[in-house]
2 protein chains.
Amino acid sequence: MPARQPSKPRARRQTSEARPYHHGDLRRVLIDAALQLAAEGAEVSVREAARRAAVSPGAPFRHFPNRDALMAAVAGEAQRRFRAEIEVALNQAPAADPLARFRAFGLAYLRWAMRNPAHFEIISTGRYFAHGSSAELTRDNAELIALTERMLADAAEQGLLRSADLKRIQIAGRALVYGFARMNLDGHFPRWGVEEGETERMAEGVIDLFIAGIAKPTRGA
Amino acid sequence: MPARQPSKPRARRQTSEARPYHHGDLRRVLIDAALQLAAEGAEVSVREAARRAAVSPGAPFRHFPNRDALMAAVAGEAQRRFRAEIEVALNQAPAADPLARFRAFGLAYLRWAMRNPAHFEIISTGRYFAHGSSAELTRDNAELIALTERMLADAAEQGLLRSADLKRIQIAGRALVYGFARMNLDGHFPRWGVEEGETERMAEGVIDLFIAGIAKPTRGA
DNA sequence: TCCCTTATGTAATCATCGATTACATTTCAG
DNA sequence: CTGAAATGTAATCGATGATTACATAAGGGA
């Protein structure tokens, strides 16, 4: 089955069409296939990804030393998308109001997590590839955390917080948001009505509750 | 179970010693082996459980129709232990102070989750066996949730809460505690010092922060 | 242009796993 | 005592991750 030959410099059809012996960008295609696999709820197997790329079961191992490495690459791609969406949200948030930014961050985080549950799972669990397979992912995540720390520090500086224990607030905030995302992921929201938006609205409410809890009460309220 | 009585009430040697053809209580032994497997961080396979029970690879399927059923049984056992510990804690908490009970609940929850991470994972993720394999687990969990709802309702009745949106508070509380447990599970607490108790102390702080956030501020504070 | 090195894909194979089937042994009720 | 039911074994299947030997393509000197 060696391939059919010249004529196409890069077969653009991935759907079982004339593909040259060399694939073009198999690595990329494998990652995409794995992402799609995950999104479909199927478990990601190297062989299935290879199948979808119309390639032999051994081929992926030319691009990834093992399954973990593939999963780490998949996680990297998912994390990139996740982070991009968060940064968009932050750019649209008011620059001067730390708590509003905190809120926007949490909302963007949860929206993405709820709309891409399988990808969020891969990113966040660290159970899909050997711990430390992706230093990039770890660093990336640390930067997001640093972002929230800065927002809280700004809020404290402006006298917006009731407590001075920023570390505690930060961990509680992370736990709240992460917990909400994972509850959604792990099936702890039992068909909350058929309506989809309901979970997102509840996410918003929960974030607001948290912020109200840590914010210094103003005279007016 | 009836077990065998003559000579040995229960063959205590699991290590490849004279074992009668019929095992005694293979079902139980398999569940225990699987629990131990999980606790060791290994992934639970039917074959390995069978191996530890010194039994053929097919034997477990006489007691469980498939792997999912074994995992569901394992989850059931873990859940029983989890719940028992929570109930002990609640029995020691002051009966009249709903928020104190809420706090005790959260603390017991987190302590167990942090000391039995693998078992907590199996209980809470619903990723280890087909959704609905264990109605018992679902019901059990619903009862725990109902417990927290009652505590919050009591607190509201005594005028202890700032907000009347109990559902929101309850979900936020669950998300907070669940999120903290999962952060610990998923490696989001990067070696917080070598000290073990630190995470538990932080758990306490986070719970207190949450309660302070939802509690109606008293004049004195 | 030719050739050779390297990158990339294939084919064949292995061990492990969940699962099923046919068969053996034990247990227990009648 | 006996035969049916329960329980364990052995053999086997298909899928998976992984490795190895080999085939093919691509690209850079000479």
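In this text, all values refer to a predicted model and were calculated from it rather than measured experimentally. Labels below follow one simple rule: chain letters A, B, ... track the order of the sequence lines, proteins then strands, and each chain is numbered from 1.
Ring planes of B:Y178 and A:H188: tilted class, angle from 30 to 60°.
Rounded to an integer number of Å, the gap from B:M71 CE to C:dG18 C1' is 14 Å. Across the protein-nucleic acid pair, A:R27 atom CZ and C:dT8 atom P stand 11 Å apart, rounded to whole Å. Rounded to an integer number of Å, the gap from CZ of B:R47 to P of D:dT12 is 14 Å. B:E43 has its CD atom 15 Å from the P atom of D:dT16, to the nearest Å. In this structure, B:N66 atom CG and C:dT20 atom P are separated by 8 Å, rounded to whole Å. For the pair A:L30 CG and D:dG17 C1', the computed distance is 14 Å after rounding to whole Å. Nucleotide C:dT26 holds its C1' atom 14 Å from the CG atom of B:L26, rounded to whole Å. A:R62 has its CZ atom 12 Å from the P atom of D:dA21, to the nearest Å.
For B:R51 and C:dC17, the shortest distance from a side-chain N or O to OP1 or OP2 is below 4.0 Å.
Checked against D:dG8, C:dG9, D:dG17, the side chain of A:S45 finds its nearest nucleotide in D:dG17. The nucleotide whose nearest atom lies closest to any side-chain atom of B:R67 is, among C:dT10, C:dG18, C:dA22, C:dG18.
Using a 4.0 Å cut-off between a side-chain N of Lys or Arg and a carboxylate O of Asp or Glu, B:R28 and B:D32 qualify as a salt bridge.
Here B:F82 and B:Y109 bring their ring centres to under 6.0 angstrom of each other.
When B:F210, B:F189, B:F120 are each tested for a ring-ring contact (aromatic ring centres under 6.0 Å, His included) with B:F180, only one passes: B:F189.
Heavy-atom distances to DNA chain D give each of A:P65 and B:H63 a nearest nucleotide, and the one nearer the 5′ end belongs to B:H63.
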